[in-house]
Amino acid sequence: MRFLILISNKHNKTRNMKKSILLLAVILMALPAMSQGRKYKKSMLKTMEMRNDASDRESALDCAATFEEIAEKYPDQWIPHYYVAEILITTSFEDQDMARSDKMLERAIKHLDMAEELVQEESELEVMKAMYYIGMMSADPETRGPMYYQDAAMSIEKAKELNPDNPRAHFLDGMMALNMPDFMGGGPHAAKPIFLKAAEKFKNYENDDPLWPSWGEDLVEAELDKMKGN
């Protein structure tokens, strides 16, 4: 009987040793991926901070180039493409040179396409696509307004369908209403309740991912400030 117990104990120790070796092997195999993940996050956070501190066009575009490098280094991540597009589109709004603006927008939509290859049905990408269409209209409203207005509206609606709580989708919805002529049902009176809804969405919005888009709340507040008394 004692002999059998010794054999059983030996087998248990062998099994435990095999489990320990297997666990160690799994940990060692996971370490490179964990290290890559930390480097990716660190690079992204650093560039996002630079983006927040960017005070002029050139420094913003430098951040876009850095995000492009990150996207190339980490080809399975879609958010770097998102931030490239966000910078290029918002910078294009301020550019008076239509040819230069169009080049930035062309570069932006390529990154949005690449992001969509990595993640489908993402509300934030639909928001950015709507911003792209708004950028195209802004460059030449008279000619391009009829061409891209419906595309922008459809992307906003899809963004809201994919995530009804996405405050950025509601903010853009308000901007579209604000800039629509009064005789078409637009203007400040039409936009104000939409901005109020967006402000409420921002107040209740939660996302623990530090890399996730977080812009827009100050823009909603600025629009509502303009409407005080209306």
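Computed from a predicted structure; not experimentally measured. Computed over heavy atoms, backbone and side chain alike; hydrogens, waters and symmetry mates excluded.
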Quiz item: If we only count heavy atoms from C-beta on, is the P210 to K41 side-chain gap below 4.5 Å?
Solution: yes
Quiz prompt | Nearest heavy-atom neighbours spanning A60 and I87 | solution = O-CG2, 3.3 Å
Quiz item: Hey, what's the ring geometry for W78 with W212, parallel, tilted or perpendicular (30° and 60° as the breaks)?
Solution: perpendicular
Self-check item: Verdict with supporting geometry, M175 and N179, side chain to side chain contact (heavy atoms under 4.5 Å, CB included)
Solution: CA-CA 6 Å; M175 291 301 295; N179 289 284; 4.0 Å; yes
Quiz item: According to a 4.5 Å side-chain heavy-atom criterion applied to Ile, Leu, Val, Met, Phe, Trp and Tyr, with indirect links allowed, do I134 and M98 form part of one hydrophobic cluster?
Solution: no
Self-check item: Cluster overlap I89 with L219, hydrophobic side-chain contacts below 4.5 Å
Solution: yes
Quiz item: Can K197 and D173 be said to form a salt bridge (Lys or Arg N to Asp or Glu O under 4.0 Å), step by step?
Solution: CA-CA 10 Å; K197 186 175 184 178; D173 196 14; over 6 Å; no
Quiz item: Hey, does S214 have a side-chain heavy atom less than 4.5 Å from the side chain of Y205?
Solution: no
Quiz item: Do any N or O atoms from the side chain of N204 and from the backbone of E200 form a donor-acceptor pair under 3.5 angstrom?
Solution: yes
Quiz item: If you take all heavy atoms of M44 and I79, which pair is closest and at what distance?
Solution: CE-CG2, 3.7 Å
Exercise. Please test M136 against D151 for side chain to side chain contact (heavy atoms under 4.5 Å, CB included), starting from the C-alpha separation and ending with a verdict.
Key: CA-CA 11 Å; M136 292 296 288; D151 290 326; over 6 Å; no
Self-check item: Pairing of E49 and K46 as salt bridge, 4.0 angstrom limit
Solution: no
Exercise. Report yes or no: does H170 contribute a side-chain atom to a donor-acceptor pair with the main-chain N or O of P164 at less than 3.5 Å?
Key: yes
Quiz prompt | Ionic contact status for R51 with E86, cut-off 4.0 Å | solution = yes
Exercise. Tell me, please, whether F202 has R168 positioned over its six-membered ring: NZ or CZ under 6.0 Å from the ring centre and within 45 degrees of its axis?
Key: no
Quiz item: Where do L105 and I109 land on the side chain to side chain contact (heavy atoms under 4.5 Å, CB included) test, with the steps shown first?
Solution: CA-CA 6 Å; L105 290 167; I109 196 63; over 6 Å; no
Practice problem: Identify the two heavy atoms, one from M137 and one from G145, that lie closest to each other, and give their separation to 0.1 Å. | Solution: SD-O, 3.7 Å
Practice problem: Provide the closest heavy-atom pair for F195 versus G174 in the form atom of the first, atom of the second, distance. | Solution: CZ-C, 3.5 Å
Quiz item: Rounded to the nearest 0.5 Å, what separation is found between the CD atom of E94 and the CE atom of M104?
Solution: 8.5 Å
Quiz item: In this structure, are over 12 heavy atoms from other groups packed under 6.0 Å from Q120 atom CD?
Solution: yes
Self-check item: Straight-line distance of D113 CG to L125 CG, nearest 0.5 Å
Solution: 10.0 Å
Exercise. Over all heavy atoms of both residues, which pair between M131 and F93 is shortest? Give the atoms and the distance, please.
Key: O-CZ, 3.8 Å
Quiz item: Are any non-hydrogen side-chain atoms of P188 and L178 less than 4.5 angstrom apart?
Solution: yes
Quiz prompt | Any donor-acceptor pair under 3.5 Å from E122 side chain to E124 backbone | solution = yes
Self-check item: CG on L162 to OG on S123, rounded to 0.5 Å
Solution: 5.5 Å
Quiz item: Which is it for K192 and L196 under the side chain to side chain contact (heavy atoms under 4.5 Å, CB included) test, yes or no, and what are the steps along the way?
Solution: CA-CA 6 Å; K192 187 173 182 178; L196 287 171; 4.2 Å; yes
Self-check item: E157 atom CD, neighbour heavy-atom count above 12 within 6.0 Å
Solution: yes
Quiz item: Is there a donor-acceptor contact under 3.5 Å linking the side chains of D62 and S59?
Solution: no
Quiz item: For D76, does the CG atom have more than 12 heavy-atom neighbours from other residues, nucleotides or ligands under 6.0 Å away?
Solution: yes
Quiz item: Are V127 and Y148 in one and the same hydrophobic cluster, where Ile, Leu, Val, Met, Phe, Trp and Tyr link if side-chain heavy atoms are under 4.5 Å apart?
Solution: yes
Quiz item: Judged by atom type as modelled, is there a donor-acceptor pair below 3.5 Å linking the side chain of S101 to the main-chain atoms of D97?
Solution: no
Quiz item: Mind checking whether Y83 and F67 have parallel, tilted or perpendicular rings, split at 30° and 60°?
Solution: parallel
Quiz item: Is the shortest side-chain N to carboxylate O distance from E217 to K203 below 4.0 Å?
Solution: no
Exercise. Any chance you could lay out the salt bridge (Lys or Arg N to Asp or Glu O under 4.0 Å) test for K103 and E106, step after step, and finish with the verdict?
Key: CA-CA 5 Å; K103 284 183 180 178; E106 182 181 353; over 6 Å; no
Quiz item: Looking at CE of M128 and CG of L112, how far apart are the two atoms once the value is rounded to the nearest 0.5 Å?
Solution: 7.0 Å
Quiz prompt | Test item: N166 and E126 side chains (from C-beta on) under 4.5 Å apart, heavy atoms | solution = no
Quiz item: Is it the case that more than 12 heavy atoms not belonging to K160 sit under 6.0 Å from its NZ atom?
Solution: yes
Quiz prompt | Same cluster (ILVMFWY, side-chain, under 4.5 Å), M114 and L211 | solution = no
Quiz item: Do P213 and Y82 have side chains that get closer than 4.5 Å, going by heavy atoms?
Solution: yes
Exercise. Answer with yes or no whether the hydrophobic clustering places Y132 together with L61; edges join I, L, V, M, F, W, Y residues whose side-chain heavy atoms lie under 4.5 Å apart.
Key: yes
Practice problem: First locate atom CD of E161, then atom CD of E121, and finally report the distance between them rounded to the nearest 0.5 Å. | Solution: 9.5 Å
Self-check item: Heavy-atom check, side chain of W215 versus side chain of T90, under 4.5 Å
Solution: no
Self-check item: CZ-CD1 distance between F171 and I156, expressed to the nearest 0.5 angstrom
Solution: 10.0 Å
Practice problem: Evaluate the side-chain proximity of M176 to Y149: yes if any heavy-atom separation is below 4.5 Å, no if none is. | Solution: yes
Exercise. Please report the closest heavy-atom contact between S138 and P141, naming both atoms and the distance.
Key: O-CD, 3.6 Å
Quiz prompt | Modelled atom types, side-chain donor and acceptor of T143 and D140, under 3.5 Å | solution = yes
Practice problem: Consider only side-chain N and O atoms of H111 and E68, and report whether a donor and an acceptor are under 3.5 Å apart. | Solution: yes
